[in-house]
Amino acid sequence: MKPSHIEHIGIAVPSLEAGIPYYEQLLGQKCYSIEEVAEQKVKTAFFKLGDTKIELLEPTSEDSPIAKFLEKNPKGGVHHVAFCVDGLQTALNDCEAAGIQLIDKTPRKGAEGLNIGFLHPKSTFGVLTELCEDPNK
Ligand code: ZN
């Protein structure tokens, strides 16, 4: 496995309304996309900096993983780091073969039309790690 770049950094925020103005100021640009990902019970807002995006994540339900994260980190915080790979299923298989615990054994749909799979923080030095691929590339 050889990721090409950091696709995005996922940052949990109590609300997009609260988080977006700060990132618009910091990055000198407008948020270019807001998207709800029902399956993950989040609403996302995106910025792009070089090849890397900043993904703000707001929970849409009490049992959203982001809601649980915010219970521990009420101000918000870095939630996950996502690496772009070619061949996501192979990458997940390679990780599993290397003894890394997977959250997703098979890819699922994420925001921005990407296929995604998560590695468990137990195996990644505490950093929730996402692998993703663009199925249109
Ligand atoms: Zn993500």
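One-based numbering, in listed order, for ligands and for the atoms of each.
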What do the steps show when you test L57 against I11 for side chain to side chain contact (heavy atoms under 4.5 Å, CB included), and what is the final call?
-> CA-CA 6 Å; L57 298 150; I11 297 172; over 6 Å; no
Dump the intermediate steps for side chain to side chain contact (heavy atoms under 4.5 Å, CB included) on M1 and V85, then the final yes or no.
-> CA-CA 7 Å; M1 184 170 90; V85 297; 4.1 Å; yes
Could you check whether any side-chain N or O of [X] sits under 3.5 Å from a backbone N or O of [Y], counting only pairs where one atom can act as donor and the other as acceptor?
X	Y	value
S64	V42	no
E96	Q101	no
H8	G10	no

Full working for side chain to side chain contact (heavy atoms under 4.5 Å, CB included) between L131 and I116 | CA-CA 6 Å; L131 303 180; I116 66 168; over 6 Å; no
For the Zn ion (ligand 1), report each protein N, O or S atom nearer than 2.8 Å, sorted by chain and then by residue number.
-> H8 NE2, E55 OE1, H80 NE2, E130 OE1
